[in-house]
J.: 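Shown below is the structure under consideration.
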Amino acid sequence: MITLDDYFGERRTLYAAEFKPEFEENAARLLVPVNALLEELGVVQRKVASGWRPPSVNRNVPNAKPKSLHQIGGAIDVSDPGGKLGQILRVNPESPSGPLVRHDLYIENPGFTQGKKSDLSYAWVHFQLRPPASKRRMFNP
């Protein structure tokens, strides 16, 4: 199970000036369906690749959006070595019986969430509760 401590790490303390209590509330709401989906799919290894990112950190993350939901506790990147979780979630992401719809989650297209296009050893799945502009369960960042 991914906990709030896993999600925030030491950043709540290290970046206390940028932290707001509502970020923890947002993250708590996010982790409920993320953990339920991972449990349902039998994902045992649950490592946070990126949780809360204060603006000062977000600015230095390659390809991070200036208005990233990570900055308000509204998104999480879960490590996916080998890309297996991403492969599962790519299959019919809009299906009413699929895990993304059942858990009311949205993901970035796993094709974009790899360290290198040919290297799946450093892959992750980006989850969020807020629908993207496209309203699609799987979207391109």
Side-chain angles (χ1 to χ4, degrees), residues 1-117 119-141:
M1 167 180 267
I2 298 171
T3 66
L4 286 173
D5 286 338
D6 298 329
Y7 181 82
F8 287 99
E10 296 181 11
R11 289 183 173 170
R12 280 183 283 203
T13 303
L14 294 173
Y15 300 93
E18 296 179 75
F19 180 78
K20 296 180 182 175
E22 61 260 29
F23 300 164
E24 192 162 311
E25 295 166 14
N26 293 342
R29 278 193 302 275
L30 171 66
L31 291 179
V32 170
V34 168
N35 279 318
L37 180 144
L38 295 173
E39 179 74 25
E40 176 184 314
L41 296 179
V43 176
V44 177
Q45 175 67 357
R46 300 178 191 187
K47 184 178 176 197
V48 177
S50 187
W52 179 59
R53 295 195 302 241
S56 61
V57 171
N58 194 67
R59 284 191 290 274
N60 297 311
V61 174
N63 302 315
K65 303 293 182 203
K67 294 185 179 185
S68 171
L69 291 176
H70 285 275
Q71 295 177 99
I72 62 167
I76 186 171
D77 296 341
V78 176
S79 293
D80 185 24
K84 293 178 184 176
L85 177 59
Q87 288 175 342
I88 292 168
L89 295 173
R90 287 178 93 158
V91 177
N92 300 318
E94 305 295 331
S95 170
S97 62
L100 293 175
V101 174
R102 271 197 315 279
H103 296 284
D104 199 19
L105 289 165
Y106 299 84
I107 63 168
E108 288 182 351
N109 183 330
F112 289 88
T113 57
Q114 304 167 23
K116 295 179 182 176
K117 296 296 180 196
D119 181 10
L120 289 177
S121 64
Y122 185 69
W124 65 92
V125 175
H126 169 95
F127 291 98
Q128 63 186 54
L129 287 172
R130 184 183 299 168
S134 69
K135 306 285 191 237
R136 300 192 56 83
R137 294 289 170 175
M138 184 176 73
F139 61 96
N140 293 343

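Just so it is clear, the values below take in all heavy atoms, side chains as well, and ignore hydrogens, waters and symmetry mates.
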J.: Is there a side-chain contact between L105 and L30 in this structure, where contact means two heavy atoms from C-beta onward sitting under 4.5 Å apart?
T.: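 They are in side-chain contact.
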
J.: Does F8 have its ring centroid less than 6.0 Å away from the ring centroid of F23?
T.: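 F8 vs F23: aromatic centres not under 6.0 Å.
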
J.: Under 3.5 Å, is there a donor-acceptor pair linking the side chains of E18 and S56?
T.: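 Their side chains do contain a donor-acceptor pair, which is all the 3.5 Å distance test asks for.
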
J.: Sub-3.5 Å donor-acceptor pair from the side chain of D80 to the main-chain atoms of G86, do we have one?
T.: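 Here the side-chain-to-backbone pair exists.
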
J.: Any side-chain heavy atom of M138 within less than 4.5 Å of one from R136?
T.: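 SC-SC contact between M138 and R136 ruled out.
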
J.: Between L129 and Y106, is any pair of side-chain heavy atoms under 4.5 Å apart?
T.: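 A side-chain contact under 4.5 Å is absent here.
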
J.: R11 side chain to W52 main-chain N or O, any donor-acceptor pair under 3.5 Å?
T.: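 Checked: pair present.
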
J.: Do the side chains of E10 and Y15 get nearer than 4.5 Å, heavy atoms only?
T.: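 Y15 vs E10: side chains apart.
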
J.: Which residues pass the side-chain hydrogen bond (donor to acceptor under 3.5 Å, both in side chains) test with N92, not counting sequence neighbours?
T.: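 Listed in chain order: nothing, the list is empty.
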
J.: Answer yes or no: is there a side-chain heavy-atom contact under 4.5 Å between V32 and V34?
T.: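 A side-chain contact under 4.5 Å is absent here.
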
J.: Would you indicate whether the side-chain heavy atoms of D77 and V125 approach each other to under 4.5 Å?
T.: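 The answer is no, as the side chains (C-beta and beyond) never meet within the 4.5 Å cut-off.
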
J.: Side chains of S50 and R53: any donor to acceptor distance under 3.5 Å?
T.: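 On atom types as modelled, these side chains qualify, holding a pair under 3.5 Å.
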
J.: Considering only NZ, NE, NH1 and NH2 on the basic side and carboxylate oxygens on the acidic side, decide whether D5 and R12 come within less than 4.0 Å.
T.: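 Here D5 pairs with R12 in a salt bridge, since their nearest N and O are under 4.0 Å apart.
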
J.: Donor-acceptor check, side chain of T113 to backbone of W124, threshold 3.5 angstrom: yes or no?
T.: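 Judged by distance alone, yes, a pair lies under 3.5 Å.
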
J.: Do the side chains of D104 and R137 get close enough for a salt bridge, i.e. N-O under 4.0 angstrom?
T.: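 Yes, this pair counts.
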
J.: Is there side-chain contact between V44 and L38, with at least one heavy-atom pair below 4.5 Å?
T.: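 No, every pair of side-chain atoms sits at 4.5 Å or beyond.
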
